[in-house]
Amino acid sequence: MSVDHAATEEVARLPPAFEEYAGEPLAQAPAAGPGKNGLLEATFARAGEGPTRLVRDRTEVPYHHTGTLDTDPAPGLATLVAQEPTGGVAQGDRHRMVLEARAGARAHVTTQSATKVHSMDANYAHLDASLTAEAGSFLESVPGPTIVNEDARCLQTVSVDLADGAVAIVADVLVPDGLSDHEPFSFDHYHSRIEARHDGRLICADAVDLRPEERDPRDPASVGEYGAVGSLYVFAPDSGDGRARDDRSDENATETLVETVHERLATLESETEEGRSVQAGVSALPRDAGAIVRLLGHREADVTGMLRAAWDETRRELLGVGAPADRRY
């Protein structure tokens with residue numbers, strides 16, 4: 001897919017408010033112009049029980065990478081770290097990842113650090129990811145937290161397309177108090193949505209639309225007293241052949257996954273000295289398509305820790321091994 005085509009598709013799926021923002025000119029480089037239209041394309045393939053290889057890649061500033069790592073505890077799984085040396089996301093930036101795991105491939109994609117969305121006075125920033133998992137593949141997108149600063153406008157979109165026997169895992173942690181000295185949720189607009197399809201059928205559509213000036217996100221119907229939000233999406237549609245598990249076929253695979261993750265998080269909550277500092281919920285997707293974990297906490301570190309625990313338990317259920325060590329910090 002060319003960058004121009006991607007930009008055309010973006011306009012077609014913009015929420016109405018962001019269409020208005022898109023018409024606002026910038027004093028510096030134009031929106032989606034040189035240096036502001038980041039692209040990372042990565043295709044992974046695997047032959048038999050061998051290692052997964054990065055067989056095709058393309059990057060445009062500000063994205064960069066230095067190849068894959070084979071440090072994951074899961075056999076044959078390759079890790080790709082997306083690097084962004086510019087220090088953050090500014091107004092008018094359009095960043096897009098296109099990740100593909102071919103049949104049988106196993107890949108984990110992460111970022112070198114948190115994604116920092118800087119303050120803005122015009123236009124907006126768009127972070128987009130597209131994941132394609134072919135038959136029997138395992139594909140993860142587990143980036144660092146998204147830190148949204150004062151007056152920022154951030155659109156975050158994820159699309160997932162799965163074939164039979166494929167698994168895709170997507171993680172996200174929102175930190176709404178930014179890096180400067182200001183009140184949490186003082187950004188202008190944050191809109192995040194994710195859609196997943198299995199063989200063309202919609203299995204999940206989830207959206208968060210926060211506009212603090214119109215409605216306080218800290219009311220009881222939104223995030224309440226909490227200051228960080230975490231989400232873990234596990235898309236593992238049951239094709240009737242045991243999916244991508246390592247000899248762990250189960251007629252009630254989704255139910256088992258939900259129960260094991262819930263038990264792991266409940267144990268961590270009971271061990272917390274301050275009580276339930278992180279609120280956790282685990283829900284099954286319809287048609288045995290996987291599970292969603294939602295987390296609310298006072299601190300990013302607490303939410304990230306609980307999310308890693310849920311991710312670790314998910315991997316143990318699906319792959320038979322836990323999550324890799326986080327060497328970024």
Side-chain angles (χ1 to χ4, degrees), residues 15 17-18 82 84 88-91 93 95 97 109-120 124-129 140-160 169-180 182-196 204-234 265 277-283 292-311 326 328-329:
F18 284 85
E84 191 176 321
V89 180
Q91 58 191 26
D93 282 2
H95 294 181
M97 288 189 183
V109 180
T110 186
T111 56
Q112 66 182 17
S113 63
T115 297
K116 296 165 279 290
V117 183
H118 294 305
S119 298
M120 305 177 185
Y124 69 100
H126 188 181
L127 308 174
D128 182 61
E140 294 180 326
S141 174
V142 186
T146 301
I147 302 174
V148 185
N149 280 280
E150 188 176 19
D151 297 326
R153 296 167 175 171
C154 180
L155 174 63
Q156 190 166 284
T157 53
V158 179
S159 62
V160 182
I169 295 177
V170 178
D172 177 62
V173 174
L174 169 65
V175 183
D177 57 358
L179 299 170
S180 57
H182 59 78
E183 287 293 316
F185 297 100
S186 58
F187 52 78
D188 189 356
H189 195 170
Y190 174 81
H191 185 113
S192 174
R193 71 170 182 255
I194 181 169
E195 292 186 357
C204 177
D206 191 27
V208 175
D209 190 14
L210 300 178
R211 310 184 202 189
E213 289 191 358
E214 298 182 14
R215 177 179 176 180
D216 189 352
R218 289 165 293 191
D219 68 30
S222 295
V223 303
E225 63 185 88
Y226 298 98
V229 183
S231 302
L232 181 70
Y233 302 88
V234 182
L265 296 181
S277 60
V278 177
Q279 297 281 352
V282 187
S283 301
I292 297 177
V293 180
R294 191 83 80 197
L295 304 161
L296 294 173
H298 297 288
R299 302 189 310 160
E300 175 271 324
D302 296 334
V303 171
T304 298
M306 290 286 276
L307 186 144
R308 282 190 59 83
W311 176 36
D326 191 344
R328 292 174 299 184
Y329 306 107

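The residues of the chain are indexed from 1 along the displayed sequence.
A distance of 8.5 Å separates OG in S231 from CG in L174, rounded to the nearest 0.5 Å. Atoms CZ and CG, on F185 and D177 in that order, are 8.5 Å from each other to the nearest 0.5 Å. Of the inter-residue distances, the one linking F187 atom CZ with D151 atom CG reads 11.0 Å to the nearest 0.5 angstrom. Atom CE of M120 sits about 9.5 Å away from atom CG of D188, to the nearest 0.5 Å. Note that CG of L296 and CE of M306 are 11.0 Å apart. Values are rounded to the nearest 0.5 Å. A distance of 11.5 Å separates CD in Q279 from CG in L265, rounded to the nearest 0.5 Å.
Between T157 and H126, the side chains place a donor N or O and an acceptor N or O closer than 3.5 Å (distance only, hydrogens not considered). Side chains of Y226 and R299: no donor on one and acceptor on the other come within 3.5 Å.
Across V117 and A152, no two heavy atoms sit closer than the pair CG1-CB, 4.0 Å. Counting all heavy atoms, side chain and backbone alike, A125 lies closest to A90 at CB-O, 3.7 Å. Here the closest non-hydrogen pair linking P145 and T304 is CG-OG1, 4.2 Å. Shown here for R218 and V223, the closest heavy-atom pair between the two residues is CA-CG2, 4.2 Å. Of all heavy-atom pairs between G88 and H118, the closest is CA-NE2, 3.5 Å. Here the shortest heavy-atom pairing between G227 and P176 reads O-CD, 2.8 Å.
Checked options R153, R211, E214, E213; the residue passing with H189 is R211 (criterion: side chain to side chain donor-acceptor pair (under 3.5 Å)). Applying the side-chain contact (heavy atoms from CB on, under 4.5 Å) test between V234 and each of V282, V170, V293, I169 identifies I169 as the sole match.
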Check your understanding: Step by step, would you call V173 with E300 a side chain to side chain contact (heavy atoms under 4.5 Å, CB included)?
Key -> CA-CA 8 Å; V173 174; E300 175 271 324; 4.3 Å; yes
Review point. Yes or no on side chain to side chain contact (heavy atoms under 4.5 Å, CB included) for R294 and D206, after CA distance, side-chain angles and deciding distance?
Key: CA-CA 12 Å; R294 191 83 80 197; D206 191 27; 2.6 Å; yes
Review point. Yes or no on side chain to side chain contact (heavy atoms under 4.5 Å, CB included) for T115 and H95, after CA distance, side-chain angles and deciding distance?
Key: CA-CA 11 Å; T115 297; H95 294 181; over 6 Å; no
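For T110 (side chain) and V142 (main-chain N/O), a donor-acceptor pair under 3.5 Å exists by modelled atom type. Between the side chain of S222 and the main chain of D219, no donor-acceptor pair closer than 3.5 Å is present.
A 4.5 Å side-chain heavy-atom check between C204 and I292 finds at least one atom pair inside the cut-off.
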